[in-house]
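Each remark here refers to the structure printed beneath this line.
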Amino acid sequence: MKKILTIQDISCYGQCSITVALPILSSYGIETAILPSAILSTHTCGFKDFTVLDLTSEMPKIINHWINEGIKFDAIYTGYIGDVRQFDYVLECKDKLLVDGGLFIVDPAMADNGKLYPALNNDIVEGMKKICSQADYIIPNITEACLLTDTLYQDKQDKTFINNLLHKLIECGYKNIILTGIISDDKIGAIYYDGTNETYVLKELQPTSYHGTGDIFSSVIVANILNNVDIKTNLDDATDFIVDCIKNTTNDKDHFYGVKFEEILKKRMNQ
Ligand code: PXL
């Protein structure tokens, strides 16, 4: 069984980051461990007055304990990082806690729809650039890809804009890019690009978007990479999952903060 370490925050309520990554990774047969970057009462989009307990000072203690125990992982997968001091700890994990040939996968979860998430600033962007440049795979949305390449975000994203963005990401030295949130006519999807090969999937565009779908998408992508699933099947699986989760949530107006992914996960596990 493959073993993964995921480094991101615990948003106690709101269905994102660690609370979605763990059930998804487990359901794909992967053993999980966590290095929580912070504990928040909720995520930071759509809730006011959320609480934050920063865990930066705990990180080196946890990492050192694992080093002393000889603990290693087949992959490290990072998401939302709320404090700029944590990027060096992330890289320390990559250097000291991965098995030989282990994968370092970064979802630079920091922005959407042309804007940084409310609690973040430009130092986080610089930190994300640093860890993305060392990653085996990165999974940015279009806003994050713009930030990683110092590209001005555009609301209208035609094929030329997307192609330029993909080329810029490669020029900046990022490898194996999975760019999400590509909208084309009435379709939405994702593209994989490694500088030579391009694979993309497009599915029916949904009328509503939800917070946390990026974390769900990345968790599926990461699980499939670890399970050696080919990239086309992987992109199909992750986008189908998100479309089903959104369809399962749109009729529930009280559920504004994230998608109801659990019933979809259950159905898939019974298939
Ligand atoms: O889904 C990304 C995410 C994760 N964690 C926290 C967030 C966000 C996005 O806003 O606020 C705390």
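For the numbers below, each heavy atom of this structure counts, side chains included, while hydrogens, waters and symmetry mates do not. Remember, it's 1-based here, ligands and their atoms both numbered in the order they're listed.
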Exercise for review: Around atom 11 (O) of ligand 1, find the nearest protein heavy atom and jot down its residue, atom name and distance.
Suggested key: Thr44 OG1, 2.5 Å
**Study point:** Test item, Gln8 contacting ligand 1 (heavy atom, 4.0 angstrom)
**Key:** no
Point to revise | Sidechain-backbone polar pair: Asn121 side chain, Asp123 backbone, donor-acceptor under 3.5 Å | key: yes
Review point. Would you call the rings of Tyr192 and Tyr137 parallel, tilted or perpendicular, where under 30° means parallel and over 60° means perpendicular?
Key: tilted
**Study point:** Shortest protein heavy-atom distance from atom 5 (N) of ligand 1, along with the residue and atom involved
**Key:** Asp9 OD1, 2.7 Å
Review point. Can we call the ring centroids of Phe241 and Phe261 under 6.0 Å apart?
Key: no
Point to revise | Protein contact to atom 10 (O) of ligand 1 [nearest heavy atom, distance to 0.1 Å] | key: His211 CE1, 3.0 Å
**Study point:** Residues Lys61, Glu58: salt bridge by 4.0 Å N-O rule
**Key:** yes
Check your understanding: How far is atom 7 (C) of ligand 1 from its nearest protein heavy atom, and which residue and atom is that?
Key -> Tyr80 CE1, 3.4 Å
Check your understanding: What are the atoms of ligand 1, with element, lying closer than 4.0 Å to any heavy atom of Ser11?
Key -> 5 (N), 6 (C), 12 (C)
Review point. Can you say whether the rings of Phe256 and Phe47 are parallel (under 30°), tilted (30 to 60°) or perpendicular (over 60°)?
Key: tilted
**Study point:** 4.0 Å heavy-atom contact, Gly214 with ligand 1
**Key:** no
Review point. Which ligand 1 atoms are under 4.0 Å away from a heavy-atom of Cys45?
Key: 10 (O)
Review point. So which heavy atom in the protein is nearest atom 2 (C) of ligand 1, and how far is it from that ligand atom?
Key: Asp215 OD2, 3.5 Å
Check your understanding: What atoms of ligand 1 come within less than 4.0 Å of a heavy atom belonging to Leu40?
Key -> 12 (C)
Point to revise | Atoms in ligand 1 flagged as close to Cys16, the criterion being non-hydrogen separation under 4.0 Å | key: 1 (O), 4 (C), 5 (N)
Review point. Among Ser17, Ser219, Ser218, whose side-chain hydrogen bond (donor to acceptor under 3.5 Å, both in side chains) with Asp107 holds?
Key: Ser218
Check your understanding: Ignoring hydrogens and geometry, is there a side-chain-to-backbone donor-acceptor pair from Glu144 to Met110 under 3.5 Å?
Key -> yes
Exercise for review: Output the distance between atom OG (Ser209) and atom CD1 (Ile242), rounded to the nearest 0.5 Å.
Suggested key: 11.5 Å
